[in-house]
Amino acid sequence: MDFGYTPDQEALRREVLDFIEANVTPEVLAERDGKDADGSTRPRGRAGPRMKELYDKIHRRGWLGITYPKEYGGQGGDRLTQFIVEEEFLRAGINIGLGGSGAPAVLAAGTEEQKRYFIPRLIRREISFCLGFTEPHAGADLAALRCRATPTQDGYIINGQKMYTTSAHSATHIYLMARTDPEAPRHDGISIFLIPMDTPGITVRPLWTIQNNPEAPHGTTYGEARTNETFFDDVRIPKSALLGEENKGWGIGAAALNLDRVGASRYLISIRRDEDIVNWLKENRDGPDAPAENAAIRDKVAELWIEAQVCRLMTLRSMSIVQRGGRFTYEGSAEKVWAPEHGVKTTEAITQMLGPYGQLLSSSPHAVEEGVFAHNVMGAFQSGINHGSVQIMRDQIARRGLGLPSQRRSRKPA
Amino acid sequence: MDFGYTPDQEALRREVLDFIEANVTPEVLAERDGKDADGSTRPRGRAGPRMKELYDKIHRRGWLGITYPKEYGGQGGDRLTQFIVEEEFLRAGINIGLGGSGAPAVLAAGTEEQKRYFIPRLIRREISFCLGFTEPHAGADLAALRCRATPTQDGYIINGQKMYTTSAHSATHIYLMARTDPEAPRHDGISIFLIPMDTPGITVRPLWTIQNNPEAPHGTTYGEARTNETFFDDVRIPKSALLGEENKGWGIGAAALNLDRVGASRYLISIRRDEDIVNWLKENRDGPDAPAENAAIRDKVAELWIEAQVCRLMTLRSMSIVQRGGRFTYEGSAEKVWAPEHGVKTTEAITQMLGPYGQLLSSSPHAVEEGVFAHNVMGAFQSGINHGSVQIMRDQIARRGLGLPSQRRSRKPA
Amino acid sequence: MDVLLTEEQDMIRTAAREFLEGECTTKLVRDMEADPVGYPPGLWKKAAELGWQGMCLPEDYGGSGLPLVYLGLVLQEVGRAVAPLPLHSTTVAALTIARDGTEAQRQAILPAVVRGEMVLTWAITERDGRHFNPAIETTAVVEGDEVVINGTKLFVDNFPAADHCLVACRTGEGLSLFLVDTRSPGISQRSLVTTAKDRQSEVIFKDVRVPVASRIGPLNEAGPIIEVMLDRASVLLCAQMLGATRKDAEMAIDYAKMREAFGQPIGAFQSVQHMCADMIIWIDGGELLTYEALWRMDQGLPHSVEVSQAKAFCNDRCEAVVRNAQIIHGGIGFMMEFDLHLWFRRVSSWTMRLGTSYEHRARIAKALIDLPGRVILGRPVPVVMEETREEELRRSA
Amino acid sequence: MDVLLTEEQDMIRTAAREFLEGECTTKLVRDMEADPVGYPPGLWKKAAELGWQGMCLPEDYGGSGLPLVYLGLVLQEVGRAVAPLPLHSTTVAALTIARDGTEAQRQAILPAVVRGEMVLTWAITERDGRHFNPAIETTAVVEGDEVVINGTKLFVDNFPAADHCLVACRTGEGLSLFLVDTRSPGISQRSLVTTAKDRQSEVIFKDVRVPVASRIGPLNEAGPIIEVMLDRASVLLCAQMLGATRKDAEMAIDYAKMREAFGQPIGAFQSVQHMCADMIIWIDGGELLTYEALWRMDQGLPHSVEVSQAKAFCNDRCEAVVRNAQIIHGGIGFMMEFDLHLWFRRVSSWTMRLGTSYEHRARIAKALIDLPGRVILGRPVPVVMEETREEELRRSA
């Protein structure tokens with residue numbers, strides 16, 4: 001049992017922090033937020049020159065793709081190293097992850113050729129995936145998906161629609177789940193494809209979220225202003241676009257999603273507001289009526305802080321299991337219940353600490369901390385829905401973790 | 001919309017309060033708690049001479065069986081009158097109810113002869129029912145009951161076991177649900193019987209609760225020190241013991257249970273500790289560190305108080321519906337979710353206000369308010385289990401109240 | 001005792017609902033979010049024809065003189081439709097003028113309000129954002145028969161639409177309340193951008209001159225008037241909030257019946273069913289608390305504890321309901337083009353206004369704990385601030 | 001960083017579990033509830049043979065000198081078995097003697113503790129019941145080479161079983177801590193009756209004379225010693241509580257798998273499943289907080305915030321778990337003859353001891369809000385009370 005880090009790990013953290021101080025400048029962050037100094041416009045979400053330069057520098061330090069094998073351009077490092085580096089960059093507002101579960105899936109299920117093609121480019125950020133799983137009628141129940149990939153002689157023809165393909169307008173590829181065998185049981189006829197977004201027949205339609213107009217400040221929980229619908233009309237792709245075996249896509253996707261659940265980003269989005277409100281209270285304590293002097297508010301803040309620690313500790317537990325090469329029974333699901341619900345609880349508790357200031361969005365005069373608390377109210381609950389709802393996670397804890405039985409038949413209430 | 005009472009109703013309340021002040025003396029209450037002045041012992045739960053005298057007086061004032069028809073010894077009054085009188089007596093520690101759903105069931109389903117026999121005697125407290133519904137394997141799922149009533153030429157033979165027959169050791173009769181047709185669908189082969197407890201073949205075994213040794217002070221939520229198991233071995237009863245039609249007992253029992261859910265006693269058991277803690281805080285505020293001065297505790301107390309008001313208001317709503325002759329869609333169930341859960345919440349919150357004093361039971365030196373808060377921890381949760389659990393109540397709200405569908409088949413998690 | 005609506009009350013509510021279902025589309029709601037003034041004068045006028053603005057104003061000025069409960073019912077429907085009408089700020093200010101204004105002020109304002117020709121608001125809160133006993137730094141200095149107002153107010157409702165505004169100012173010894181023409185020289189405003197996307201403003205008063213005669217109530221002693229006004233505002237906001245929240249919950253329940261997952265409607269899962277059951281319980285609870293507070297106001301009974309009970313409960317529970325409605329909707333509720341957020345964003349905003357849960361609960365705790373005598377639930381709680389309707393009527397007569 | 005148990009830690013825990021499963025029946029637990037002394041000396045002696053009492057005491061006195069985490073693991077198992085052993089009070093007091101006592105005191109006490117021949121306890125709290133900064137009215141007046149103690153202590157653990165008791169007294173300027181023989185003339189006790197049905201006492205000191213040399217640490221300056229002792233006591237109680245709570249939850253989960261209603265095990269219903277899932281999440285959360293606090297103590301890192309985090313969380317969540325375990329059991333858990341309440345009553349009691357959630361959260365808030373510097377979760381929080389293990393070791397050397 002060891003809750004600390006080795007001197008080497010601490011030195012690495014220091015190194016990362018020094019790098020951030022030197023390189024993650026206000027200009028870089030302004031560009032990240034679409035506020036280029038030269039006033040030029042880019043498609044939202046696509047990196048500008050300063051961000052490109054920053055990622056190049058981070059790459060040269062060996063901090064991109066840390067856990068990926070060296071033969072595919074990674075560092076062959078461990079997940080804890082990745083965790084330390086990622087946490088600090090995330091706190092500084094820079095995402096050094098490879099963007100979801102696509103890259104792990106390629107590594108786990110790709111052909112040698114696919115791995116050699118995709119992984120190095122994903123690490124160098126020349127390729128990026130958007131996630132093409134969810135559909136209008138297949139959300140929590142993903143296996144209900146209808147998007148068809150009909151086999152042809154030399155490949156497949158894709159027809160269908162994907163929802164909430166968040167970075168579809170800026171990604172180079174889509175990591176797509178589609179049905180290759182409509183006759184098979186619903187989990188057995190699904191395959192995964194890696195498809196360039198410029199393939200003819202793909203159309204991306206923006207879906208603006210309630211975080212649009214005004215946009216949420218960086219670091220807001222589910223602060224995305226835009227997501228997309230992506231339509232496939234007779235999209236012809238070669239056989240080589242298939243990832244893993246045909247009709248075995250469900251298992252590949254699920255395994256990679258589980259991997260994606262461990263890491264710094266998942267818990268950080270749920271605890272940033274805890275830090276923010278404590279720091280705000282500390283810095284805004286004029287007079288005896290300041291919220292910081294109110295014992296009821298102090299009590300609530302301490303309660304939230306404890307819960308935030310549990311978020312952190314559950315993440316450390318998951319990291320420890322992964323480091324040891326173990327497998328989760330229910331620990332990943334527990335993290336995925338606790339952290340999002342905590343994030344919502346903190347967000348809502350803060351509204352009552354800030355009172356009318358809590359409603360002011362980013363573009364408002366008098367907005368508190370650039371409106372991050374108000375925008376968080378708009379977004380926090382999304383983290384309990386996406387990538388496995390808290391309801392489904394609790395089902396999994398109960399059934400897989402605790403061995404509780406499935407329901408036999410319709411229940412008749414007394 | 002009227003949240004007040006008429007001058008006549010207020011006068012009645014005043015009259016009841018005056019009566020209580022004059023008649024519910026410390027000696028009466030001591031006797032109620034089994035502490036007779038002459039040191040004599042009675043079976044627990046059976047009224048002594050002072051209590052008998054008190055009930056006689058209450059009866060002479062016309063405050064027993066208020067809502068029952070005059071031809072059966074009642075007052076032909078309305079439920080609101082009953083509510084006002086009952087609330088004040090309950091607050092004074094005297095239960096003037098007829099003891100659960102047995103009496104309403106007799107009134108609703110009994111023969112003229114049964115009504116003429118039972119109702120006046122129930123009102124005069126010469127007869128009392130214990131409830132014989134629950135069995136070891138039939139609790140929440142009451143329709144699973146196995147106790148058999150086998151028809152004979154001139155009556156029935158009862159065999160089986162009932163659980164939690166709380167006043168079986170002091171009641172004169174049992175209000176029993178038993179299976180008369182084991183071949184019928186489970187709700188259709190059940191009948192109800194009214195059986196004298198001194199019928200040969202009935203055995204009562206005490207089940208001591210965790211409120212025993214030491215006993216909980218009066219007014220504790222589920223403060224009963226004793227309940228019972230009741231066994232039926234070839235108990236022969238005449239046909240006249242049947243209430244309503246044979247095999248129609250389920251409907252009779254359910255309807256009466258619903259009626260039993262409206263009234264003062266249901267909500268009072270959930271809110272008494274709210275009053276108690278506020279009054280305790282008021283009366284124990286030495287120095288600046290007293291809990292009453294702690295804004296966090298004050299905030300919590302106010303939160304609990306608001307919830308207690310909702311208990312009260314939901315009861316008033318149910319009363320209003322019943323007064324108008326309406327029927328519940330979900331309002332009775334809502335009351336039955338909210339009040340018990342509130343009672344538990346308050347009980348547990350108080351433990352953290354009292355700290356180590358909160359663990360002291362009734363017989364302890366330094367017990368707070370005779371240990372009622374500590375005993376309440378032991379009992380409060382029972383009110384969310386008994387007479388329809390909060391889970392089942394929520395199911396009913398969702399399905400009957402909101403029209404949400406039943407589950408079709410076993411759910412497969414993703 | 002009968003806490004259900006009377007037939008007449010139910011009729012008024014139903015009429016309001018049907019009117020707004022016909023007149024107030026979500027397109028209108030969205031249009032008004034983008035509109036700098038923020039309300040449709042045509043609809044405002046129609047509301048006046050239905051008697052909404054004058055519902056609780058004295059009959060002498062064209063009003064209907066009905067109890068406040070009726071206005072609460074109408075505001076519930078306004079909330080249900082998330083209708084962009086400045087009814088709340090107008091009626092709250094008008095009721096204060098009716099109660100505490102001079103005859104001349106009433107004549108000047110109330111008939112125009114009743115006819116739907118005037119919009120009102122008030123400006124109390126300043127930078128500390130507090131609801132009770134805010135630190136008021138805006139000053140009003142008497143110069144001859146004028147006062148000169150200087151200061152900055154925050155979170156002022158509907159200012160771009162308002163003709164007059166009640167402004168609380170420090171006047172030497174105490175607080176005074178002035179009826180100020182919003183077009184007076186020296187007044188400027190900045191729009192705040194809120195989750196509700198309503199029209200809230202920062203209003204800056206720079207050497208604004210108004211006649212001394214424009215004060216409402218006695219000089220330096222406006223504190224109790226402001227408290228009554230804010231109590232009315234709080235409880236009426238609860239009504240509006242509950243109307244919106246119930247509609248939001250109904251949409252979620254309907255969605256749960258329709259949306260399928262794992263081979264059945266998501267509303268067939270016990271976890272969703274229990275979530276829905278709780279939502280309805282919470283809304284009902286808030287409604288009962290709100291009705292009781294309104295009823296007590298109408299009876300001239302002490303009501304400060306009841307108002308705070310309603311607002312603290314609604315703040316917490318309405319927020320929880322609309323969040324759960326979002327959760328039941330999954331991703332779609334997060335999309336701008338889907339309507340659900342129109343309710344979600346407004347209810348969220350309202351929970352943060354006119355007193356936080358902490359502020360209201362502190363007030364309740366004060367009444368429960370700091371005043372002498374044992375408490376009994378359902379019996380009069382010791383009073384923090386008392387004002388009987390008889391007194392009110394006497395003063396407004 | 002690896003927050004899981006090491007193989008060695010797991011072995012110690014497993015051994016403790018197996019030992020208690022064999023030795024500590026619920027019949028024994030029930031018997032000891034009725035026993036005036038409240039523990040079985042035979043089992044206490046066997047525990048000593050396993051090295052429990054001396055686990056974290058210095059090797060010089062026969063102990064094993066292991067980190068506190070190990071004692072935490074054993075106390076988890078003691079909690080799991082609700083074993084009627086005075087291990088918590090004995091080890092907490094012994095660790096204080098090891099750290100702050102004189103060599104003579106250590107010699108007199110520690111070897112006997114290690115051998116299972118001595119039971120210890122402490123007496124700090126008085127009638128105000130507070131955990132932090134209790135108002136201590138018990139006085140100790142120096143008369144020659146003796147001090148005379150007068151006063152009344154409350155909630156003293158295991159006093160009927162204890163040989164010695166650490167007593168906090170007011171000595172003029174400040175607080176002092178004395179090691180008092182429980183058989184000293186002038187000491188009397190009254191048993192308190194608690195939900196745990198453990199042995200807690202009111203202890204009355206009337207002109208009790210003990211040598212001046214029996215003080216632990218400097219005169220008038222025992223405050224920090226007491227704080228360290230109570231922090232150890234709190235976090236070790238968390239461990240004990242969590243062990244009991246997890247066992248309780250496991251019994252409920254097993255019951256849910258077995259008990260049928262509506263044609264299936266009640267554990268097949270989503271509402272019960274989610275209840276069980278939450279119970280496990282809460283226990284795990286409490287365990288992680290507790291382990292981190294213990295680990296920080298062992299590392300000599302500041303730990304007051306972490307201790308308070310663990311205790312506040314366990315108070316609230318363990319209570320909720322054991323209540324839910326009762327609910328899942330329905331009526332049977334309410335029956336004296338069924339065993340479940342043995343866990344329920346103890347956990348309930350422990351949540352009320354050694355600092356309420358309010359007290360611990362106030363301490364956390366003080367560290368978070370009142371000290372300078374921005375906070376970052378997972379980085380050192382500004383320190384309320386600091387004591388490094390190096391310092392401890394230096395002082396105890």
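Letters A, B, ... are given to chains in the order of the sequence lines, protein chains preceding strands, and every chain is numbered from 1. Quick note: numbers below take in every heavy atom, side chains included, and nothing from hydrogens, waters or symmetry partners.
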>> At a 4.5 Å cut-off on heavy atoms, which part of B:A374 comes close to chain D: side chain, backbone, both, or neither?
In response: both

> What distance separates D:I332 CD1 from B:I385 CD1, expressed to the nearest 0.5 Å?
Replying inline: 11.5 Å

> Ignoring hydrogens and geometry, is there a side-chain-to-backbone donor-acceptor pair from B:D141 to D:A261 under 3.5 Å?
Replying inline: no

> Just how far is it from atom OH of D:Y358 to atom CE of B:M353, taken to the nearest 0.5 Å?
Replying inline: 4.0 Å

>> At a 4.5 Å cut-off on heavy atoms, which part of D:S348 comes close to chain B: side chain, backbone, both, or neither?
In response: side chain

> So, for B:G358 and D:M352, which heavy atoms are closest and what is the spacing to 0.1 Å?
Replying inline: C-SD, 3.2 Å

> By a 4.5 Å heavy-atom criterion (distance strictly below it), what part of B:A138 contacts chain D: side chain, backbone, both, or neither?
Replying inline: backbone

>> Assess whether a salt bridge exists between D:E319 and B:K345, defined as any Lys/Arg side-chain N lying under 4.0 Å from an Asp/Glu carboxylate O.
In response: no

> Can you tell me how far the CE atom of D:M335 sits from the CD atom of B:E229, to the nearest 0.5 Å?
Replying inline: 9.5 Å

> Contact part of B:V390 toward chain D, heavy-atom cut-off under 4.5 Å: side chain, backbone, both or neither?
Replying inline: neither

>> For the interface with chain B, which of D:M275, D:K197, D:H131, D:R361 has the highest count of heavy-atom pairs at distances below 4.5 Å?
In response: D:K197

>> If you compare all heavy atoms of B:M378 against all heavy atoms of D:R345, which two are closest, and at what distance to 0.1 Å?
In response: SD-CG, 3.5 Å

> Given a strict heavy-atom distance threshold of 4.5 Å, which part of D:N133 is in contact with chain B: side chain, backbone, both, or neither?
Replying inline: neither

> Do D:E202 and B:H366 have side-chain N/O donor and acceptor atoms under 3.5 Å apart?
Replying inline: yes

> How about B:E293: does its CD atom have over 12 heavy atoms from other parts shown lying under 6.0 Å from it?
Replying inline: yes

> Which residue out of B:D289, B:L354, B:L207 racks up the most heavy-atom pairs below 4.5 Å with chain D?
Replying inline: B:D289

> By a 4.5 Å heavy-atom criterion (distance strictly below it), what part of D:E359 contacts chain B: side chain, backbone, both, or neither?
Replying inline: neither

>> Suppose we screen for ring pair (Phe, Tyr, Trp, His ring centres under 6.0 Å). Which residues come up paired with D:H329, at least two apart in sequence or across chains?
In response: D:Y255, D:F338

>> Looking at D:R30, I'd like to know if its CZ atom is crowded, meaning that more than 12 non-hydrogen atoms belonging to other residues, nucleotides or ligands lie closer than 6.0 Å.
In response: yes

>> With a 4.5 angstrom heavy-atom cut-off, is it the side chain or the backbone of B:P136 that approaches chain D, or both, or neither?
In response: backbone

>> D:E337 vs B:R205, test: salt bridge (charged side-chain N to carboxylate O under 4.0 Å, His left out). Steps then yes/no.
In response: CA-CA 13 Å; D:E337 64 189 46; B:R205 186 178 88 89; 2.9 Å; yes

> Side-chain donor-acceptor pair under 3.5 Å between D:Q270 and B:Q407, yes or no?
Replying inline: no

> By ring pair (Phe, Tyr, Trp, His ring centres under 6.0 Å), which residues pair with B:F381, not counting sequence neighbours?
Replying inline: D:F344

>> Below 4.5 Å, heavy-atom pairs only: which of B:L360, B:N294, B:D286 has the largest tally toward chain D?
In response: B:L360

> Which value, rounded to the nearest 0.5 Å, describes the distance between B:E348 atom CD and D:N315 atom CG?
Replying inline: 11.5 Å

>> Testing the basics here: between D:V193 and B:S364, what is the closest heavy-atom pair and its distance to 0.1 Å?
In response: N-OG, 2.9 Å

>> For a 4.5 angstrom cut-off between non-hydrogen side-chain atoms, does B:H137 reach D:E260?
In response: no

>> Using ring-ring contact (aromatic ring centres under 6.0 Å, His included), reason through D:F334 and B:Y164 one step at a time and then give a plain yes or no.
In response: CA-CA 10 Å; D:F334 193 49; B:Y164 312 131; 8.7 Å; no

> How far apart are the closest heavy atoms of D:S191 and B:P365, and which atoms are they?
Replying inline: O-CD, 3.2 Å

> Rounded to the nearest 0.5 Å, how far does CD of B:Q382 lie from CD1 of D:I327?
Replying inline: 9.0 Å

>> Using a 4.5 angstrom heavy-atom cutoff, name the option from D:A268, D:A135, D:G330, D:G331 with the most pairs to chain B.
In response: D:G331

> Does B:Y357 reach the main-chain N or O of D:R127 with its side chain, forming a donor-acceptor pair under 3.5 Å?
Replying inline: yes

>> Less than 4.5 Å to any heavy atom of chain D: does that hold for the side chain of B:T227, its backbone, both, or neither?
In response: side chain

> Applying the side chain to side chain contact (heavy atoms under 4.5 Å, CB included) test to D:T195, which of B:L361, B:T351, B:I210 qualifies?
Replying inline: B:L361

> Where on B:Q352 is there a heavy atom nearer than 4.5 Å to chain D: the side chain, the backbone, both, or neither?
Replying inline: both

>> Return the CD1 to OG distance between D:I328 and B:S389, rounded to the nearest 0.5 Å.
In response: 11.5 Å

